[in-house]
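FYI, the numbering just counts along the sequence from 1. Hydrogens, waters and symmetry mates play no part in the numbers below; they use all other heavy atoms, side chains included. Just so you know, ligand 1 is whichever comes first in the structure, and atom 1 is the first atom listed for that ligand.
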Amino acid sequence: MTSIKVNAEKEYLVHLDSNWRDAVESLAGSHNKTLLMVPTELVDLFQMQALAKANLRIVEIPKGESAKSPEFLLKMWEVCGEFGLKRSDCIIGIGGGSATDLAGFVAASWLRGISWHAIPTSLAGMVDAAIGGKTGINSSHGKNLIGAFHSPTSVVIDQEFLNSLSERDFNAGMAEVIKCGFISDQKILELALDAKSNIKELISRSIAVKAQVVSADFKEGRLREILNYGHTLGHAIEKIEEYKLRHGEAVAIGLVFAAELSNIAGGLNAAAVVLHRELLEKFDLPTSYRPEALPKLLELMAGDKKSRGTIVRFIGLEEIAKPIWLESVTSDQIAQAYGRISG
Ligand code: GLY
């Protein structure tokens, strides 16, 4: 079994080629108590109840973003208290990005921080959400506004979960994989041409990109912002669409916009912009958005966590695998780039 090391506020391993069931049993065997948080539909699909025992409690959580609410967090703290979870115990989060974000934040906040392990089941979770220690829930004011940096103690990747994903979810995850290719590892872009055959290498290369970035800048001083390539517009679109689009679908539109803006304001060549469209469309991902949405998108982008005052900052590319910070783009340049994705 191979693994990738992340060296953030602590060191931990992302175990590739793992068997999730063995991992859960081994963690439960080495802790006094283990709380396993998992979306209901996965409990049934993977017959997880069979794993429950006196020291391993399974808590079913709602699917998707609805798990990441203050109300559900309160419920989870009740479960932790009632189960008697101590500092030496652990939480395991199994599921997509929402499940691991929530499990991580419960672990970060309970007893001022206990150990947790992430077992991502979606492609986006494997290559992005479960790695890097960003944990949190949503506020009525926006997504992920309440949270903490709290690294997992390990991440367990079992590709068996990918077989249960819909084509749409797999494709949405590919947006994050492709993003890793554009910001850091051009080989990913080649491998993505035959993603199903190359999935193992695509996952490990994308994790390596993320591991390297979060090891250098855990708390997002600056470098970590490159992981948000395509996300400034993507997050705004997600909000307008009331989170009915998959995160990766909104990011796909944001990636093409960021590439166009990079062409206008950062010197990225036109062929690289074409490559963005070609690769994302290969996975049936959207690459354009409604022209009339620009004013609302601008308003939402100005409120983005990464904006400074009212200045909207974008991550762009100077060339493939060479990210740049576009910190003083004009509204004309934004409108021009947006025109190219909404024509
Ligand atoms: N998903 C972006 C990050 O972890 O920083």
Side-chain angles (χ1 to χ4, degrees), residues 4-10 12 14 64-65 68 93 95-105 107-108 116 118 120-138 142-152 154-155 157 169 172-185 188 202-203 205-239 243 245-255 258 285 301 304-307 313-317 323 325:
I4 295 173
K5 193 189 288 178
V6 184
N7 198 350
E9 89 283 30
K10 65 174 184 236
Y12 59 96
V14 181
E65 293 295 317
K68 289 172 60 178
S98 310
T100 52
D101 281 4
L102 172 72
F105 192 54
W116 76 287
T121 59
S122 66
L123 181 56
M126 291 179 191
V127 299
D128 186 35
I131 295 152
K134 277 189 182 174
T135 71
I137 60 164
N138 303 328
K143 216 176 151 186
N144 295 331
L145 293 185
I146 305 163
F149 287 98
H150 184 58
S151 292
S154 74
V155 181
I157 305 289
D169 283 324
M174 280 304 297
E176 293 287 355
V177 171
I178 290 168
K179 175 202 79 180
C180 289
F182 278 116
I183 60 171
S184 180
D185 180 358
I188 287 178
L202 284 167
I203 291 173
R205 281 181 172 269
S206 303
I207 291 174
V209 169
K210 180 136 191 190
Q212 200 184 4
V213 172
V214 300
S215 298
D217 176 20
F218 176 50
K219 290 220 170 157
E220 204 161 43
R222 187 162 168 92
L223 179 71
R224 188 168 178 162
E225 290 183 336
I226 68 171
L227 298 173
N228 282 296
Y229 181 54
H231 284 56
T232 311
L233 186 79
H235 283 149
I237 291 176
E238 271 189 289
K239 197 155 187 192
Y243 302 101
L245 276 185
R246 302 284 194 274
H247 174 69
E249 292 168 344
V251 165
I253 304 170
L255 286 171
L285 289 163
M301 288 193 290
D304 188 271
K305 282 201 284 306
K306 275 125 203 137
S307 61
R313 302 161 68 241
F314 296 92
I315 297 300
L317 295 181
W325 281 254

**Message:** For Thr135 versus His150, what's the shortest heavy-atom pair and its separation?
**Reply:** CG2-O, 3.6 Å
Would you tabulate the polar-atom pairs, meaning N/O of ligand 1 against N/O of the protein, with distances under 3.5 Å, reported to 0.1 Å?
unit_1, atom_1, unit_2, atom_2, d
ligand 1, 1 (N), Asp128, OD1, 3.1
ligand 1, 1 (N), Asp128, OD2, 3.2
ligand 1, 4 (O), Lys210, NZ, 2.5
ligand 1, 4 (O), Arg224, NH2, 2.8
ligand 1, 5 (O), Lys134, NZ, 2.9
ligand 1, 5 (O), Arg224, NE, 2.8
ligand 1, 5 (O), Arg224, NH2, 3.4

Could you check if a side-chain atom of [X] sits within less than 4.5 angstrom of a side-chain atom of [Y], using non-hydrogen atoms only?
| X | Y | answer |
| --- | --- | --- |
| Ile183 | Ile226 | yes |
| Arg224 | Lys219 | no |
| Val251 | Leu233 | no |

**SB check Arg246 Glu238 (cutoff 4.0 Å)** = no
**Asked** Applying salt bridge (charged side-chain N to carboxylate O under 4.0 Å, His left out), which residue pairs with at least one partner in residues 175-184 are found, sequence neighbours left out?
**Response** Glu176-Lys179
